[in-house]
Amino acid sequence: MSYTWDVDPVLIHFWGDIGLRYYGLIFSVVFVLGFLLFRWQVLRAGGSEDDVYGIIIPGALGAVVGARLGHVLFYDPLRVLSDPLWVLQTWTGGLASHGALLGLLLALFYYSRRRRQSYLECLDRFTFSATTAAILVRIGNFINSEIVGRVTDGTWGVRFPRYDGYPAETAPLRQP
């Protein structure tokens with residue numbers, strides 16, 4: 001059994017290379033759902049709306065800056081030495097979910113200190129958001145043909161022609 005996965009990473013093309021990308025859409029959904037889940041946990045524990053809204057700016061900055069710096073430091077650190085402004089060229093791609101996680105951990109530490117709350121309790125309240133984000137980001141990685149897995153024995157799998165550079169009929173079957 002095989003399935004060919006050849007989805008354009010751009011959901012809607014607006015003009016040239018500018019468009020709404022699946023990964024960007026998923027990133028936005030992660031922010032909204034993550035916030036709503038965190039809000040639910042804080043209010044459930046007796047916190048106030050002020051406690052909830054105090055995470056928006058640090059959380060967003062931590063996630064976005066952490067995701068970009070994570071990609072830069074984990075996957076292409078030498079490029080920064082030759083072209084430091086490349087770090088700011090987010091339109092060229094390059095976000096790392098584990099960098100976003102590190103940025104969020106720092107943001108939550110900052111948030112917990114500002115609110116005079118236990119960092120561990122704050123992390124505990126954030127687990128639903130983090131789990132939802134991890135699931136949705138992996139779906140985005142699959143759509144972008146980024147987590148393609150190993151080639152199978154040819155009896156089953158998913159074909160990723162954009163990743164392998166072969167026509168859809170001849171791309172190897174992979175276990176995503």
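This is a predicted model, so every value here is computed, not measured.
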- Message: Return the OG1 to CZ distance between Thr170 and Arg159, rounded to the nearest 0.5 Å.
- Response: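 Rounded to the nearest 0.5 Å, the OG1-CZ separation comes to 8.0 Å.
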
Value for OH (Tyr163) from CD (Glu146), rounded to nearest 0.5 Å, stands at 10.5 Å

Contact check, side chains of [X] and [Y], non-hydrogen atoms, under 4.5 Å:
X      : Y      : answer
Leu173 : Val151 : no
Phe109 : Cys122 : no
Arg125 : Leu37  : no
Gln117 : Tyr111 : yes
Leu36  : Val32  : yes
Phe27  : Leu95  : yes
Trp40  : Phe128 : yes
Thr132 : Val30  : no

[atom1] ([X]) with more than 12 external heavy atoms under 6.0 Å:
X      : atom1 : value
Ile56  : CD1   : yes
Tyr119 : OH    : yes
Phe35  : CZ    : yes

Do [X] and [Y] belong together in a cluster built from hydrophobic side chains that touch within less than 4.5 Å?
X      : Y      : value
Leu108 : Leu120 : yes
Leu101 : Phe38  : yes
Val29  : Ile143 : yes
Leu106 : Phe126 : no
Val65  : Trp86  : yes

inquiry  = With side chain to side chain contact (heavy atoms under 4.5 Å, CB included) as the criterion, how do Glu49 and Leu43 come out once you've worked through the C-alpha distance, each side chain's angles and the decisive distance to 0.1 Å?
reply    = CA-CA 7 Å; Glu49 289 286 342; Leu43 294 178; 3.5 Å; yes

Evaluate Ser97 against Arg138 for side chain to side chain contact (heavy atoms under 4.5 Å, CB included), listing each step before the verdict. CA-CA 9 Å; Ser97 56; Arg138 287 297 168 231; 3.8 Å; yes

*Between Asp153 and Thr155, does any side-chain donor sit less than 3.5 Å from a side-chain acceptor?*
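There is such a pair (donor and acceptor under 3.5 Å, judged by atom type) between the side chains of Asp153 and Thr155.
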
Self-check item: Short side-chain donor-acceptor distance under 3.5 Å, Tyr110 and Arg114
Solution: yes

Between Asp164 and Arg174, is there a salt bridge with N-O shorter than 4.0 Å? yes

Using modelled atom types only, decide if a donor and an acceptor are shared between the side chain of Arg79 and the backbone of Val72 within a distance under 3.5 Å.
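Absent.
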
